[in-house]
Protein chains: 2
Amino acid sequence: MTKLTIKEVAKAAGVSTATISRVLNENGYVSEEARRRVLETIERLHYKPNTIARSLKQDRSGGIGFVLPDLTNPYFMRIARALHNRLAGEGYYVFFMDSDEEPEKEREALNFLLEKRVEAILLAGTGGNLELIRRIQAGGTPLVLLDRQLPGVPADAVMEDNETAAEEAVMYLLDKGHRTVGVLNGPAGISTAAERARGALKALTVRGMEAHTEYSYYGDYTRNSGKRAAKYFLELPVPPTAVFSANNEMTFGFLLGLKENGLPIDHMELVSFGGLDFASLFRHRLTAIRQEPDAVAEAAAELLLRRIREPESAGKREKRLLVPRLEVSPASEDG
Amino acid sequence: MTKLTIKEVAKAAGVSTATISRVLNENGYVSEEARRRVLETIERLHYKPNTIARSLKQDRSGGIGFVLPDLTNPYFMRIARALHNRLAGEGYYVFFMDSDEEPEKEREALNFLLEKRVEAILLAGTGGNLELIRRIQAGGTPLVLLDRQLPGVPADAVMEDNETAAEEAVMYLLDKGHRTVGVLNGPAGISTAAERARGALKALTVRGMEAHTEYSYYGDYTRNSGKRAAKYFLELPVPPTAVFSANNEMTFGFLLGLKENGLPIDHMELVSFGGLDFASLFRHRLTAIRQEPDAVAEAAAELLLRRIREPESAGKREKRLLVPRLEVSPASEDG
DNA sequence: TTGTATGCGTTATCAT
DNA sequence: ATGATAACGCATACAA
């Protein structure tokens, strides 16, 4: 019942702790005979090396931090899962930290990760803590931004090409003949929202249409703001015939809003950044920009590993831009 | 750029490392004057204590492991979030480990946690690794089972009262006059599935109905198995007029299956263990057993903390059974 | 091929 | 009230 350390194992196997360590780490010379005995003893005693002591000695925590805005958001959790799978194979584990979109919680998460001496940090930021983040970079911990850019923080980044995708999406609506298109934007503070807004605007401009501000609504990426947007658009003198929504939560809310107002959910044509997995259940003219969490995770993992393993590349900044594609629902074809 | 340790801070503040430590941990005596100087220096240098060294010295990792079957499952992630929030306040952090329903991955996760010297483990098990789990208990690490019971493993547990809830659900269908009720079960290996099946059977028995095996379908908690179930029930000589589904993924699949067979999604009355958040979007007579992840997390956190803090309670076994309630959708009232 | 001894960054004991 | 120092469990330089 007393704590089982490398020492007890050494004694039990009749060798020194150094030999145990050599077997464990598969380095240095050790006779076949000794290795056998050591492995047998480890197995018999169910010895598990203490990674805390190991980390301290080797100055290598093996941890990578991932700060994300919402643990229950399937998009981020798919990224999380893929990231974990990829990095576990390389001997790293991931700390998942939930910022809940609050800069204060984000700050706590980042400080926690620093105290845990993580070897790199992946951050889908709230937009705050810019100074802390710069200090982290200056301190030498590789930091990669995910999904969202941060103003005034040059850093490695992996994100989706929000502007292009949004432009395509709105272009799609315009080319189908819609003349009044509502744009349901995300919150001003988050880079993805700004980029998606820019893309939408660009499409309108390219097609020579004016962007009337009354057809633009600013939500906050939440379901409720989508609901409010539906009410808002419906009450306009001339409601839009189609709407581009900057994220799936708002799209969901928008559908709820239509329903609350006694309208069928296919009352307006809808294009959403990010799909809704129940969309196939009904005929509702929903076209979605399909995001690719696995590809994002893969790119992020590559970048993280490279920065950890090539400290000489510390100054470099790389930006990986993935292009999500527009997925037109069958029901939309004949809309 | 050289590593910043307590030593450098001590030098910079003109005190010994012991004093720094005392300030950091708020124990022992330290003059107001010294404390001020130390705090100022820490702030100025942006010193962050190395928790790895601290953990080694104090023999206290501060970590709690949570092994769950699917990182992208919102039910478990809501539990995860609530758990994290509750435990962070107590000075603990949580390792989220994804077993992906595979015993092999679960084994790796458990071993990882042991090597990290977590102070307790919360486990929503795959059903495998029974011996390892018993060894963990014997080794003195508190282990609490979540959501799922394990055969032959007496342990603290927090779960929902699956049997009672399932019984109520089927009873509800019978009392509405349905005479042929299909039961869509989960996989045999998972305790929740067995309990829900038992509850459903009990309802039938109580109402004096025979449980014909052809009205029972065994899925595996996945969407696809729900789809297959729909096809199966529809092809029976006398299809059921209502179905009880043992989890929400299968319920979703079942709806998809109805659609694929050219039927409206309200073709059959449905009661689901676990809700579907888009249910309110349409009129489809879906009644759901509403699970309560926050309450589950709270109960689990209490139990974990108690076992960590009261080692003398090591032999005790406590089972917390939460009772989810049946939530009848408005559309079902007039079905 | 193996063992001895030192040190990783921190806390805690013991002097002072 | 403060400082010197041993110890936590392990990996590794060096000696043998």
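Note that this is a predicted model, so its numbers are computed, not measured. Chain A is the first sequence line, chain B the second, and so forth, proteins listed ahead of strands; every chain is numbered from 1.
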Reckon [X] has a side-chain N or O less than 4.0 Å from the OP1 or OP2 of [N]?
X: A:Y47; N: D:dC10; result: yes
X: B:S16; N: D:dG3; result: yes
X: B:T19; N: D:dG3; result: yes
X: A:N27; N: D:dT12; result: yes
X: B:N25; N: C:dT11; result: yes

Is the ring centre of A:F96 less than 6.0 Å from the ring centre of B:F95?
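Not close enough - the centres of the two rings lie 6.0 Å or further apart.
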Under the salt bridge (charged side-chain N to carboxylate O under 4.0 Å, His left out) rule, collect the residues that match up with B:E90, sequence neighbours excluded.
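In terms of salt bridge (charged side-chain N to carboxylate O under 4.0 Å, His left out), with neighbours along the sequence ignored, B:E90 is linked to B:R86, B:R309.
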On DNA chain D, nearest-nucleotide positions of A:A53 versus A:A18: which is more 5'?
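Looking at DNA chain D, the more 5' nearest nucleotide goes with A:A53.
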Looking only at N and O atoms, is any donor in the side chain of B:R22 or the base of D:dG3 less than 3.5 Å from an acceptor on the other one?
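By the distance-only test, yes, there is a pair.
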Donor-acceptor pair under 3.5 Å, B:K57 side chain vs C:dT10 base
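Such a pair does not exist between side chain and base.
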What nucleotide, of C:dC8, D:dT12, D:dC8, holds the atom closest to the side chain of A:S21?
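So the side chain of A:S21 is nearest to D:dT12.
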Nearest 0.5 Å please: distance from the CZ atom of B:R117 over to the CZ atom of B:R60.
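Those atoms lie 15.5 Å apart.
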Write down the distance between [atom1] ([X]) and [atom2] ([N]), rounded to a whole number of angstrom.
X: B:K7; N: D:dA4; atom1: NZ; atom2: P; answer: 12 Å
X: A:N50; N: C:dT10; atom1: CG; atom2: C1'; answer: 14 Å
X: B:I52; N: C:dT11; atom1: CD1; atom2: C1'; answer: 16 Å
X: B:L24; N: C:dG9; atom1: CG; atom2: P; answer: 15 Å
X: A:L56; N: D:dG9; atom1: CG; atom2: P; answer: 12 Å
X: B:Q58; N: D:dG9; atom1: CD; atom2: C1'; answer: 15 Å
X: B:L114; N: D:dG9; atom1: CG; atom2: P; answer: 16 Å
X: A:R35; N: C:dT2; atom1: CZ; atom2: C1'; answer: 14 Å

Apply the side chain to side chain contact (heavy atoms under 4.5 Å, CB included) test between B:V67 and each candidate in B:D98, B:L122, B:L123; give the one that qualifies.
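Result for side chain to side chain contact (heavy atoms under 4.5 Å, CB included) with B:V67: B:L123.
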By the 4.0 Å heavy-atom rule, please label A:S31 as base, sugar-phosphate, or nothing.
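Here A:S31 touches the backbone only, sparing every base.
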Categorize B:D59 for me: base, sugar-phosphate, or nothing, with a 4.0 angstrom heavy-atom threshold over every strand shown.
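Touches nothing.
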Is any NZ, NE, NH1 or NH2 atom of the basic residue among A:K316 and A:E310 found under 4.0 Å from an Asp or Glu carboxylate oxygen of the other?
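Salt bridge absent between A:K316 and A:E310.
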Could you pick out which residue, A:E33 or B:T51, lies toward the 5' side of DNA chain C when each is mapped onto its nearest nucleotide?
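The residue whose closest nucleotide sits nearer the 5' end is A:E33.
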